[in-house]
Amino acid sequence: MSRRVAVVTGGTRGIGRAILERLAVDHDCVVHGRRDAAAADEVAQIVGRKGAESLVALVDLADPDGVDEFADAVLDRFGRVDTLVANAASTAFKPLADLAGRHSRLTFATVVDSLVEMVHRFAPAMGAGGRILTIGGLDARFAQSGHGLLGGAKAALEALTRSWAVELGPRGVTANTIVPGPVLTDSLETYLAGREDVRALLVDHTPVGRLCTPGDIADVAAFLVSPAGAMISGQVITVDGGISAQGGPWGAMRDLW
Ligand SMILES: NC(=O)c1ccc[n+]([C@@H]2O[C@H](COP(=O)([O-])OP(=O)(O)OC[C@H]3O[C@@H](n4cnc5c(N)ncnc54)[C@H](OP(=O)(O)O)[C@@H]3O)[C@@H](O)[C@H]2O)c1
């Protein structure tokens with residue numbers, strides 16, 4: 001089988017990087033990030049060792065012109081996209097009362113508008129077997145301190161993904177959202193530094209007894225984009241070790257975090 005082409009946004013670290021490392025066995029890779037050229041080059045080398053050709057692109061997804069140029073660059077280089085993983089996200093982690101419209105516009109431009117544009121550009125370049133995977137968050141389902149804005153954007157992302165499943169399904173393209181629980185990325189480790197009380201609370205509320213790793217999320221992503229995932233579409237797949245099964249610790253964490 002010929003190699004497929006994967007675009008993974010925010011692939012320079014954390015979950016996005018782990019997904020690229022998994023997909024590289026049978027995908028050529030677009031390694032996207034915002035500003036860390038050294039990290040992007042390192043990921044390109046890693047996927048290269050697995051046989052993947054790669055395109056490195058540093059683009060701020062909040063910039064509509066940048067997203068447009070990004071799509072041009074991907075299509076110029078590969079001519080098609082088989083797998084789009086919308087993983088990148090950034091926001092202001094503050095109470096909603098402290099945030100203004102400009103914060104909302106930035107978050108939604110990064111998480112939602114860029115995704116609508118990428119699907120608009122890449123879906124016509126997808127054949128049967130095409131895959132759209134969006135990375136959501138439990139903040140779309142549960143109010144978490146400082147996550148109001150991101151939760152709103154992630155709720156929009158879930159709804160959009162369901163519609164793409166319906167609209168693109170007849171062409172053999174699936175669309176799903178993975179919702180990770182807390183994942184031990186560098187970003188989360190930075191948050192948890194010196195906060196063993198918060199770490200313990202998260203672990204205590206996770207039935208399997210540990211927090212997710214980026215590899216846990218990447219394993220599920222790799223399954224969904226494989227031929228085995230052909231009949232899973234329009235779904236929200238939660239990968240959280242069960243932390244949401246009883247509602248999670250978010251209420252108890254309100255005054256801790
Ligand atoms: N980690 C968790 O516990 C967790 C839990 C639930 C959901 N998630 C979701 O999973 C996804 C990945 O999380 P993560 O923790 O792995 O992320 P991360 O370590 O914070 O990495 C984010 C990636 O996205 C890129 N990025 C951020 N804003 C961007 C922008 N405006 N334009 C272009 N690229 C941008 C970053 O590039 P730069 O480094 O260059 O900025 C980086 O490559 C996110 O959607 C997050 O909401 C994470």
Side-chain angles (χ1 to χ4, degrees), residues 7-21 29-44 56-67 69-71 84-93 103 105-115 117-118 133-142 144 146-158 161 177-192 198-199 202-203 206 210-218 220-221 236-241 243-244 248-250 253 257:
V7 176
V8 179
T9 65
T12 55
R13 55 193 168 96
I15 295 168
R17 175 176 169 148
I19 292 175
L20 273 173
E21 291 183 15
C29 297
V30 176
V31 182
H32 164 268
R34 179 168 42 179
R35 55 192 160 207
D36 192 343
D41 287 341
E42 190 182 316
V43 175
V56 170
L58 297 182
V59 176
D60 186 346
L61 294 179
D63 169 17
D65 293 335
V67 175
E69 287 163 19
F70 175 58
L84 169 64
V85 183
N87 164 77
S90 52
T91 190
F93 289 105
H103 300 108
R105 282 190 288 280
L106 201 56
T107 299
F108 276 73
T110 304
V111 177
V112 177
D113 299 343
S114 71
L115 174 59
E117 183 61 20
M118 283 188 285
L133 200 54
T134 56
I135 306 299
L138 287 172
D139 43 18
R141 215 178 300 163
F142 302 105
Q144 298 177 21
H147 279 248
L149 204 45
L150 189 60
K154 296 286 186 167
L157 177 141
E158 278 187 23
T161 304
T177 301
I178 290 180
V179 171
V183 182
L184 291 169
T185 58
D186 292 346
S187 310
L188 184 62
E189 288 290 7
T190 303
Y191 270 119
L192 293 179
V198 177
R199 188 190 299 268
L202 290 171
V203 174
T206 305
R210 67 168 178 85
L211 301 185
C212 290
T213 64
D216 291 323
I217 311 304
V220 177
V236 176
I237 294 125
T238 303
V239 184
D240 70 351
I243 197 170
S244 61
W250 320 121
M253 279 172 59
W257 198 340

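This structure is a prediction, so every number in the text was calculated from the model and none was measured. Read the numbers this way: they start at 1 and go in the same order the structure lists the ligands and their atoms.
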Distance from [atom] to nearest protein heavy atom, with residue and atom:
atom                    : answer
atom 47 (O) of ligand 1 : Lys154 NZ, 3.1 Å
atom 12 (C) of ligand 1 : Asn87 OD1, 3.1 Å
atom 6 (C) of ligand 1  : Pro180 O, 3.4 Å
atom 43 (O) of ligand 1 : Thr12 OG1, 2.6 Å

With a cutoff of 4.0 Å, is [X] in contact with ligand 1, counting heavy atoms of the residue only?
X      : answer
Gly136 : yes
Asp60  : yes
Gly181 : yes

Of Ile15, Val239, Asp216, Thr213, the one forming a side-chain contact (heavy atoms from CB on, under 4.5 Å) with Val183 is Ile15
Test side-chain contact (heavy atoms from CB on, under 4.5 Å), reference Val7, set Leu84, Val31, Val85, Asn87, output is Leu84
Would you say [X] and ligand 1 have an N/O pair spaced under 3.5 Å apart?
X      : answer
Ala88  : no
Gly137 : no
Ile15  : yes

Glu158 with Lys154: basic N within carboxylate O range, under 4.0 Å = no
Note: Thr110, heavy atoms under 4.0 Å from ligand 1, region reported as side chain
So for His32 against ligand 1, with non-hydrogen atoms under 4.0 Å, the contacting part is side chain
### Query
Parallel, tilted or perpendicular for Trp250 and Phe142, by the 30°/60° rule?
tilted
Under 4.0 Å from one or more heavy atoms of Val59, ligand 1 contributes atoms 32 (N), 33 (C)
For Pro182, the ligand 1 atoms with a heavy-atom partner under 4.0 Å come out as 3 (O)
By salt bridge (Lys or Arg N to Asp or Glu O under 4.0 Å), Glu69 pairs with (sequence neighbours left out) none
Can you check whether [X] reaches [Y] side chain to side chain, under 4.5 Å on heavy atoms?
X      : Y      : result
Glu189 : Arg199 : yes
Asp113 : Val67  : no
Thr206 : Leu211 : yes
Cys29  : Val8   : no

Of Cys212, Ser187, Ala57, the one whose closest heavy atom lies nearest atom 19 (O) of ligand 1 is Ser187
Residue set satisfying side chain to side chain contact (heavy atoms under 4.5 Å, CB included) with Thr12, at least two apart, ordered chain then number -> Ala39, Ala40
